[in-house]
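Per chain, numbering begins at 1; letters A, B, ... match sequence-line order.
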6 protein chains.
Amino acid sequence: MGMHEYLKSLSDLEMINRAPGYFKFEQHNVAAHSFKVTQAAQMLGDIEEQAGNKIDWRSLYEKALNHDYTERFIGDIKTPVKYATHELRKMLARVDTSLTENFIKKEIPQEFQKAYERRFAEGKDDTLEGKILSVADKIDLMYESFGEIQKGNPEPVYMDIYKSSLTAIMKFREMASVQYFLKKILPELLKDNADANAKNQLAIATTQIIQQ
Amino acid sequence: MGMHEYLKSLSDLEMINRAPGYFKFEQHNVAAHSFKVTQAAQMLGDIEEQAGNKIDWRSLYEKALNHDYTERFIGDIKTPVKYATHELRKMLARVDTSLTENFIKKEIPQEFQKAYERRFAEGKDDTLEGKILSVADKIDLMYESFGEIQKGNPEPVYMDIYKSSLTAIMKFREMASVQYFLKKILPELLKDNADANAKNQLAIATTQIIQQ
Amino acid sequence: MGMHEYLKSLSDLEMINRAPGYFKFEQHNVAAHSFKVTQAAQMLGDIEEQAGNKIDWRSLYEKALNHDYTERFIGDIKTPVKYATHELRKMLARVDTSLTENFIKKEIPQEFQKAYERRFAEGKDDTLEGKILSVADKIDLMYESFGEIQKGNPEPVYMDIYKSSLTAIMKFREMASVQYFLKKILPELLKDNADANAKNQLAIATTQIIQQ
Amino acid sequence: MGMHEYLKSLSDLEMINRAPGYFKFEQHNVAAHSFKVTQAAQMLGDIEEQAGNKIDWRSLYEKALNHDYTERFIGDIKTPVKYATHELRKMLARVDTSLTENFIKKEIPQEFQKAYERRFAEGKDDTLEGKILSVADKIDLMYESFGEIQKGNPEPVYMDIYKSSLTAIMKFREMASVQYFLKKILPELLKDNADANAKNQLAIATTQIIQQ
Amino acid sequence: MGMHEYLKSLSDLEMINRAPGYFKFEQHNVAAHSFKVTQAAQMLGDIEEQAGNKIDWRSLYEKALNHDYTERFIGDIKTPVKYATHELRKMLARVDTSLTENFIKKEIPQEFQKAYERRFAEGKDDTLEGKILSVADKIDLMYESFGEIQKGNPEPVYMDIYKSSLTAIMKFREMASVQYFLKKILPELLKDNADANAKNQLAIATTQIIQQ
Amino acid sequence: MGMHEYLKSLSDLEMINRAPGYFKFEQHNVAAHSFKVTQAAQMLGDIEEQAGNKIDWRSLYEKALNHDYTERFIGDIKTPVKYATHELRKMLARVDTSLTENFIKKEIPQEFQKAYERRFAEGKDDTLEGKILSVADKIDLMYESFGEIQKGNPEPVYMDIYKSSLTAIMKFREMASVQYFLKKILPELLKDNADANAKNQLAIATTQIIQQ
């Protein structure tokens, strides 16, 4: 019982592939996803700061870096299952919490337990940092689906993911960083290399979602 | 709405890896696992028949072939989550059923819906065929973990899986096919090539479980 | 000499990739192929039964599940070699039979040898179940090639495989299940997502073959 | 010219494998490595804080997260090349700097350029955060090599990496976090599952290095 | 009809894995194997030359480089099939020849056809260069199997391959290069890193074969 | 110190992937690349000979086969780094030479050291064989990029590689084999299967480069 098990467990996240069960040209694992989300959060933090908002950087980095660690205990539960009923969602959350607490008690030395309780708790709260994490998580998902669409992946699930992640980002449209994303980054994404048909579909879907 | 989506979906099962999050030398997917379980069930069926028991072969093959198809809808929920509380387990089962029903209504033509309702229902019931499926499923899991132990995989999870699958098989020890497995097949497995230490550990664990 | 070697050998089929030597986006192994062929056979069996034909389900499942096991002994001989001359084909078949017999004698306990002789013999005979297996095997091959064409694979071999498997299916056009496949499933396949050019080529090839 | 290229480039780090040219059981990419180093840095930061030292958490996370991004421009230059002469090392560093500056000018909007100049500069400086990064980077390298040794990898390069990373950590032995690592974490690592011979070799090498 | 198809076909050899159907830690493809055999042949040629024998270097390189190209047409026929009867072997050789001729006529411009007829013919003849190719091919096979044994692969097939390739090399024991291999290279191989048991087994098998 | 380490090291070249850090549909390693370059060199040699030029075949095969072996010591240094300044390039070359000399002294028996010094030296000199190697190396690079473009890879880097390798080949346009390549092989490549847009882009780029 020290931090050896924890350090070793980080490699387990390299062995959990994202979105199993769909054909994809590029595999992404949870460790690499966490890196990319933290990078996106860092970028969004910069933008917010430029816009005059105060960022608690420690909290922002911490939230983003650790946000998916508990997938190790829970596994990959498909979204329709997770969200089937309000009741089920609450029960699953309770199990997640209890497995996490258990792990902390067994594997984390006492003096660091508080820190890991905070890190493994739901980071997507109503603070500015929590909202940035919500957006950053969806930005990476959007780029994962964009990468597939751009390479000609015919599975309709990737257009669905593209749309639903953009829709989720739009819920935070009042944020300076989301405004920046919509005005400066998204147009570049839409101009990026892809076959004519995919480009068109992306442009239409994007316009519809943004203008709602 | 015809069977095209169903035929295509079979490939999705080739893209769901078993036991994500653990290092393994050999990857196994749900499609190949289903093949191997059906083969094991066929072998157990032969043994039961030799022992004078009557097998409903259609039911046996059908149960084994289709037993993991619904993982497509549900995803890979880790065992400790699934079994956390009796209540949660029941709720998850209900969601599984409702997602499955939904899929059948949307993708299976009406004249075949009954057949798929039967195929996607829980096959591990109290019939002889249901019990054979329970054993066959665990035999494949046991061989997956044996394959890792034999290759020198140091992750203790594989010894845990070996033990828990053998323990689960032992619950059916009164079956003729399980008797045959314990007396004729297991000793060959224990004699198979492996480094001395792994061999020893396997022998000890096996003896402890069998003699309980 | 018991069934341990047999159970272990099932994993070898997971390590034989289909159609080596061609670039493909998706790898398929012989174990997963066997699963999918058995699923397709199950579907075709349902259709035949709906049409009033009697299915020997045990035989159907057994034929489909075991039809490629002997690839373990033989290896992947390219079609032009296999079919080069009638004489060669007969000699290869004889060798296949003798290797298979040898395996059965050495690895299968005597009381089960008869069952495995039946299972490893050529299943594609003139019975309804044998004909269903012939069609199911080609349906999976067709879906494998369709998957590549749909993803934009430029290798012309996949269009060749698509055509030759559809042509092979057409030899059984008098079967109720083949009629169903042509009328209900194939049109859905042709409407599925793919780039405009691939879609067009598939439609033309399909029409030409079907109307012959 | 906005942040789209930057966000997309994060996936490139998922396609750079660590230590190419050596057989390994487990592949690690630069994105996942960056995640794990940041996690290790977070842990070391906790320990330093417990010991009464003040951590600039923003700087620590930032240094760790971004420390290998410039590998995208430089490629994987083998250590003996990089360190061949003092002069060459300085020249390579200059090229690295100029490629990085170039990238920042071309791809990062002006208002964020300063931040990325800081992030892509050498993070391993003499601040406490810089020293933690040096240690965290070596800890992940050590765990990568340990993972191979533990799985029975016969390539001697992994024992070399294990030794050289531990030796590098020892240069920071006066740090509270390194003391903790040596006293609490390393003994657990040495007790972890591995074959007897590997365990022995690890224990001997570790003792020799620690007692120097 | 020019050399474009030929140049493109070289990549097909990168997609044919060696020894499918057996678990292995390291995959080898036919293109990389051809490279390694040509390297081994180059080394054996050096040794023969040192011993005062004259090497036709053009012929040696040519034979080694092209010796497996025709696997593209034939596929991977398992050894027991290939060697089942003398008659079958002759018929398969005839089909191989005719497929190769066909390819040359269709894809190679007339002025180069003679060269490719020579290159695709059986290179393992009774010339010194032909004998070197026979030995070089077995050396690479031996190193492939050694690589697996050394990493702890429990499949007995690799010890079988090790033995049969060494036995095949012994048929050429009168050659200076084989003498050198046995006296200078093999002892180093036997001293290389591996677990104690594997090392022992290799030493015993080697001694038995060499002393016959 | 004999040739065991050398033979074993050939497998290391199978573990160095070409062009890391870019998404690709097909992976190519240095061993397979060396095989394909030697094949292309053999073809170019044939053409030169047909045109009445004398080829030193031993030298040609030797240069091509061994031209990338030293990547083992150096690693994959990105082109912009390698070519940053004339001075740096010279210093890197010196380090390369000294690492290579070192390896030869340590691992190659004295009687063969001269041969390996020649083989590991820069082969792309002003002899006809050196020039053929330069062209053959670029032809394989061009086919690697063509393979990606043809499969719909949206990364612009592959069109850049296609152009720069063709441009490099054009520097040798006075050679008979390059003339043949431009007149007989390139038109076939441009007619090969690909989506309309990729085909168009390739044709335009090719025309522009060839007509300069």
Side-chain angles (χ1 to χ4, degrees), chain E residues 1-8 10-11 13-15 26-36 38-40 42-43 46-47 49-50 55-62 64-66 69 109 111-112 115-116 119 139-140 142-144 146-147 180-181 183-192, chain F residues 1-8 10-11 13-15 26-36 38-40 42-43 46-47 49-50 55-62 64-66 69 109 111-112 115-116 119 139-140 142-144 146-147 180-181 183-192:
Chain E
M1 211 219 73
M3 295 302 284
H4 170 60
E5 280 308 320
Y6 184 71
L7 287 171
K8 238 182 66 166
L10 300 170
S11 265
L13 300 175
E14 291 178 276
M15 282 172 289
E26 245 178 298
Q27 295 289 347
H28 304 282
N29 63 52
V30 173
H33 163 70
S34 299
F35 164 74
K36 292 187 293 173
T38 313
Q39 282 277 356
Q42 177 181 263
M43 180 197 79
D46 282 350
I47 302 171
E49 220 171 48
Q50 286 275 347
I55 299 292
D56 177 344
W57 283 97
R58 176 183 187 173
S59 169
L60 181 58
Y61 281 120
E62 190 181 83
L65 189 71
N66 300 290
Y69 184 86
E111 61 268 40
F112 307 120
Y116 286 94
R119 286 164 190 161
I139 285 179
D140 189 51
M142 204 176 141
Y143 270 83
E144 283 182 3
F146 171 67
Y180 187 100
F181 178 75
K183 278 184 204 140
K184 300 276 182 72
I185 298 174
L186 204 49
E188 289 186 318
L189 180 152
L190 293 175
K191 270 184 283 179
D192 203 342
Chain F
M1 210 214 77
M3 295 301 285
H4 170 60
E5 280 309 319
Y6 185 71
L7 287 171
K8 236 182 68 165
L10 300 171
S11 265
L13 300 176
E14 292 179 277
M15 282 172 288
E26 244 178 298
Q27 295 290 347
H28 303 282
N29 64 52
V30 173
H33 163 70
S34 298
F35 164 73
K36 292 186 294 172
T38 313
Q39 282 277 356
Q42 177 181 264
M43 179 196 81
D46 282 350
I47 302 172
E49 219 171 48
Q50 285 276 345
I55 299 292
D56 178 344
W57 283 98
R58 176 185 187 174
S59 168
L60 181 57
Y61 280 119
E62 189 182 84
L65 188 71
N66 300 290
Y69 183 86
E111 60 268 39
F112 307 119
Y116 286 93
R119 285 163 191 162
I139 284 179
D140 189 51
M142 204 176 141
Y143 269 85
E144 283 182 3
F146 172 67
Y180 187 99
F181 178 76
K183 280 188 201 134
K184 300 276 182 71
I185 298 174
L186 204 49
E188 289 185 318
L189 179 153
L190 294 174
K191 269 184 283 179
D192 203 341

### Query
Are the side chain of E/Q39 and the backbone of F/L10 linked by a donor-acceptor contact shorter than 3.5 Å?
no
Let's test your reading of the structure: which of [options] forms the most heavy-atom pairs below 4.5 Å with chain E?
options: F/E26, F/K184, F/E62; result: F/E62
options: F/L186, F/I47, F/V30; result: F/I47
options: F/N66, F/I55, F/T38; result: F/N66
options: F/D192, F/I185, F/L65; result: F/L65

How many angstroms lie between [atom1] in [X] and [atom2] in [Y], if you round to the nearest 0.5 Å?
X: F/E5; Y: E/E188; atom1: CD; atom2: CD; value: 7.5 Å
X: F/N29; Y: E/F35; atom1: CG; atom2: CZ; value: 9.5 Å
X: E/L189; Y: F/H4; atom1: CG; atom2: NE2; value: 4.5 Å

For F/D56, the salt bridge (Lys or Arg N to Asp or Glu O under 4.0 Å) test, sequence neighbours excluded, returns none
I'd like to verify something: which residue of [options] has the highest number of heavy-atom pairs under 4.5 Å with chain F?
options: E/H28, E/K8, E/R119; value: E/R119
options: E/A40, E/S11, E/P187; value: E/S11
options: E/Y6, E/F146, E/F181, E/Y143; value: E/Y143

Is [X] close to chain E through its backbone or its side chain, or both, or neither, when contacts mean heavy atoms under 4.5 Å?
X: F/L13; answer: side chain
X: F/D140; answer: neither
X: F/S59; answer: neither

Scanning both residues in full, the closest heavy-atom pair of F/R58 with E/Y61 reads O-CE1, 3.8 Å
Does a side-chain heavy-atom distance below 4.5 Å link F/Y116 with E/Q42?
yes
Notebook entry, point to check: Do E/L7 and F/I139 have side-chain heavy atoms sitting under 4.5 Å apart?
Noted result: yes
Report task. Name the orientation class of the two ring planes belonging to F/F112 and E/Y180 (parallel below 30°, tilted from 30 to 60°, perpendicular beyond 60°). Result -> perpendicular
From the list F/Q27, F/H33, F/K36, side-chain hydrogen bond (donor to acceptor under 3.5 Å, both in side chains) with E/E14 holds only for F/K36
Cut-off 4.5 Å, heavy atoms of chain F, and the answer for E/Q50 is side chain
